[in-house]
Amino acid sequence: RTAQTSLLLPNAVLFLICQMISLPKIRHKDVDKENGINQFFLQQGENDHVADEVGFDIAFMDKPSSSSTFFTFFINSSGPPQIMCLSILYTLSFGSIIGVVPSVITTQYVHIHHNLDMNLTCDDTDTRQLASCVDGNGEGLTAATVSSFISNVIQFFTASLIGSVSDVVGRRRLFLIAQGISLLYPLALVLLQLYPMMNPAWFYAANMTSSLISFITISLSAISDVIPKKWRSSCFGILFGGYSLGFALSPILAIPLSHFEVSLLSLILLTGGFIYSIFYLPETLSKETSDKMRRLRQAAEAEALNAAHDDHNNNLFIPSLSRRTIKLRRNLFRPFREILILNRNNFFRLLAVLAFFSGMSTSGDQTLILYYVQQQFNFSDQDVAIFFVIIGLLGITVQVFGLHLMTEWLGEKIVVVVAFFFGAFHNCIYAFAATKLDIFLAAGIGSVTMMAFPTISAIKANNVNEYEQGRIQGALLAVSSLASAIGPITLRLTYEKTRGTKYPGSFFLVATLFYLVATLCATTLPNDQTNSLNQEQERIKETSCSERSLLIN
């Protein structure tokens with residue numbers, strides 16, 4: 001009953017979307033039948049991963065891989081609809097304060113370091129040009145860059161480890177912990193406005209703490225648990241489309257509300273999402289997969305521990321170590337071992353390079369763009385709202401509908417190439433923008449870039465076993481985090497050189513260069529490992545007539 005109740009709101013939202021595009025409704029018993037086929041195959045003692053994938057493909061072999069089938073399967077699944085609704089709440093909360101943070105932080109630094117009157121702020125166009133506000137904006141920009149660097153370094157060390165842990169303990173528990181930690185971010189922003197002399201370092205400390213457990217890693221892993229390979233990129237697109245919807249709606253909240261009120265609203269929204277998750281968020285990782293991964297990990301750890309202990313005891317030049325000491329060392333270096341999944345083959349290494357270079361550009365844009373446009377173009381709260389509405393609405397269109405159609409028609413490889421090309425193009429427009437309209441145009445074009453990350457995530461998920469989903473998503477995010485640590489600093493240092501020139505935004509050309517490198521690398525991706533349609537056709541060819549008869553019966 002609890003599981004059925006938890007599906008009411010997510011399914012209602014997605015049902016309306018399906019009705020708008022005239023999609024037929026699938027019955028629950030059809031999904032139950034398909035799940036039953038998979039379960040029957042598993043009970044025959046076959047390999048879990050192969051059975052799940054092949055079984056699903058055979059069950060749907062005579063059905064068209066259409067948008068109707070995909071959307072109805074997504075609606076009836078347990079986990080993804082709830083995660084999508086939580087992603088909307090998550091981005092409504094954080095998106096509503098994105099435009100508030102630069103003004104609040106700038107004002108806070110001005111009050112503390114430049115003795116500005118407590119009754120004045122740097123929110124208005126007139127006061128924003130004061131020398132103290134300009135200096136405060138620079139301090140806020142530097143603090144945001146340093147905070148981003150530290151947060152991403154933390155995420156680099158923890159993302160792959162947390163993803164690997166979730167393969168054993170499940171997704172739900174870590175999801176709740178991540179949500180609980182994220183409450184500190186809006187809470188710190190509320191406290192900053194209650195105490196004008198409070199150091200903004202507390203706010204950035206809360207921001208860095210929230211990077212310990214990644215909301216995105218757990219979400220992608222949970223979706224991979226229940227969605228078949230050929231629809232993972234589309235489903236990841238819906239997840240990020242939920243983020244886009246939140247970003248499209250959230251700045252509108254900031255227009256009628258004061259900075260303090262919207263900060264308080266952000267905290268309330270996150271708290272509501274946390275309470276919803278406690279009661280209604282299901283566990284997507286099956287007990288069988290969890291137990292299997294636990295046995296594999298324990299066996300591999302015991303073997304590695306015995307080998308390391310024997311090596312130390314047999315080597316006369318190395319002091320003998322106890323098993324406890326060796327185990328402690330292995331635990332300390334475990335984050336590095338988990339991320340080594342990216343070094344499994346040349347294909348994974350190439351995907352890691354794509355994630356790194358695109359991540360440097362994306363993180364640089366996200367960290368610096370608001371500070372840049374507020375200082376150079378005098379963006380108001382209304383301008384920021386328009387900016388994010390453009391990104392959000394186009395992001396929904398691109399990720400929910402465009403990504404699915406392009407994946408089916410062109411394949412994941414072309415999707416990644418196109419996304420990176422548009423990323424380079426929109427950074428060029430940022431670099432030479434002369435008006436607010438140019439910034440809005442660049443933001444709209446940049447929405448196409450949003451297809452890249454969910455597609456790369458799906459490609460990696462399609463090329464690992466079902467019990468490695470958390471580990472691979474964590475490793476991918478770790479690489480993106482490393483890029484996100486370097487990207488903003490690189491663009492920030494370049495901005496210091498271009499700030500006083502005719503084109504102060506030319507530092508965005510560095511981001512363009514990163515995207516072009518990623519585009520060239522994407523063109524070398526092998527089709528057989530990249531495109532899910534090719535993988536599906538190969539699996540169907542390899543399925544024998546006897547297996548087909550068994551599944552159909």
Side-chain angles (χ1 to χ4, degrees), residues 91-110 121-125 127-129 133-149 151 185-186 189 192 200 203-204 207 243-244 246-255 259 262-263 266 361-392 395 426-427 429-431 433 435-444 446-447 449-450 484 487-492 494-496 498-499 504-505 507-508 511:
T91 47
L92 274 175
S93 174
F94 284 95
S96 63
I97 58 176
I98 281 181
V100 171
V101 169
S103 297
V104 172
I105 295 299
T106 297
T107 300
Q108 203 77 359
Y109 274 120
V110 171
T121 66
C122 294
D123 301 339
D124 301 326
T125 304
T127 57
R128 194 174 292 166
Q129 299 305 319
C133 287
V134 172
D135 293 338
N137 180 271
E139 292 176 15
L141 184 58
T142 301
T145 304
V146 173
S147 172
S148 174
F149 175 80
S151 296
Y185 185 81
L189 189 63
L192 276 180
F203 169 78
Y204 288 113
N207 180 37
Y243 285 116
S244 297
F247 276 117
L249 300 177
S250 58
I252 300 176
L253 302 176
I255 296 177
H259 286 178
V262 77
S263 302
S266 173
S361 299
T362 303
S363 62
D365 290 347
Q366 293 174 348
T367 303
L368 304 181
I369 187 63
L370 282 183
Y371 287 94
Y372 172 73
V373 296
Q374 287 187 351
Q375 186 61 43
Q376 297 293 335
F377 296 93
N378 290 322
F379 262 48
S380 62
D381 288 345
Q382 289 79 5
D383 294 326
V384 172
I386 294 173
F387 180 79
F388 281 107
V389 165
I390 292 173
I391 293 176
H426 98 279
N427 270 282
I429 300 178
Y430 277 151
T435 64
K436 292 181 180 180
L437 183 60
D438 295 334
I439 297 295
F440 294 145
L441 176 64
S447 63
T449 310
M450 297 179 183
S484 298
I489 289 181
T490 304
L491 266 65
R492 171 63 173 149
T494 309
Y495 182 39
E496 289 298 320
T498 64
R499 195 170 190 172
F507 71 96
F508 284 109

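Side chains are part of it too, since the values below use all heavy atoms of this structure and drop only hydrogens, waters and symmetry mates. Model, not experiment: these values are computed from the prediction.
For Tyr430, the ring-ring contact (aromatic ring centres under 6.0 Å, His included) partners are His426, Phe508, not counting sequence neighbours.
At least one donor-acceptor pair under 3.5 Å links the side chain of Thr107 to the backbone N or O of Ser103. Counting only distance, with no hydrogens or angles, the side chain of Ser147 and the backbone of Ala143 share no donor-acceptor pair below 3.5 Å. In this structure, the side chain of Asp438 engages the main chain of Thr435 through a donor-acceptor pair within 3.5 Å.
Taking CZ of Phe379 as the reference point, atom CG of Leu370 lies at 8.5 Å (rounded to 0.5 Å). Remark: Leu368 CG to Ser363 OG distance equals 8.5 Å, nearest 0.5 Å. With rounding to the nearest 0.5 Å, the separation of CD1 in Ile439 from CD1 in Ile390 is 10.5 Å. If you take NZ on Lys436 and CD on Gln376, they are separated by 13.0 Å, rounding to the nearest 0.5 Å. Within the model, atoms CG of Leu441 and CD1 of Ile429 stand 4.5 Å from one another, a figure rounded to the nearest 0.5 Å. Interatomic distance, OG1 of Thr142 versus CZ of Arg492, reported as 4.0 Å (0.5 Å rounding).
The side-chain heavy atoms of Phe387 and Ile369, taken from C-beta on, include a pair separated by under 4.5 Å. Counting heavy atoms from C-beta outward, Ser266 and Leu189 have side chains that stay 4.5 Å or more apart. Within the 4.5 Å cutoff, the side chain of Leu192 has heavy atoms near those of the Ile105 side chain. Side chains of Phe203 and Val101 form a contact here, defined as non-hydrogen atoms less than 4.5 Å apart.
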Could you please spell out the steps behind the side-chain contact (heavy atoms from CB on, under 4.5 Å) verdict for Tyr185 and Ile97?
CA-CA 10 Å; Tyr185 185 81; Ile97 58 176; 3.5 Å; yes
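Across all non-hydrogen atoms, the minimal contact from Ala511 to Asn427 is CB-OD1, 3.3 Å. Nearest approach of Gly395 to Met450, heavy atoms of both residues: CA-SD, 3.6 Å.
Between the side chains of Asp383 and Ser380, at least one donor N or O lies within less than 3.5 Å of an accepting N or O.
Taking the six-membered ring for Trp and thresholds of 30 and 60 degrees, Tyr372 and Tyr495 have ring planes more than 60 degrees apart, a perpendicular arrangement.
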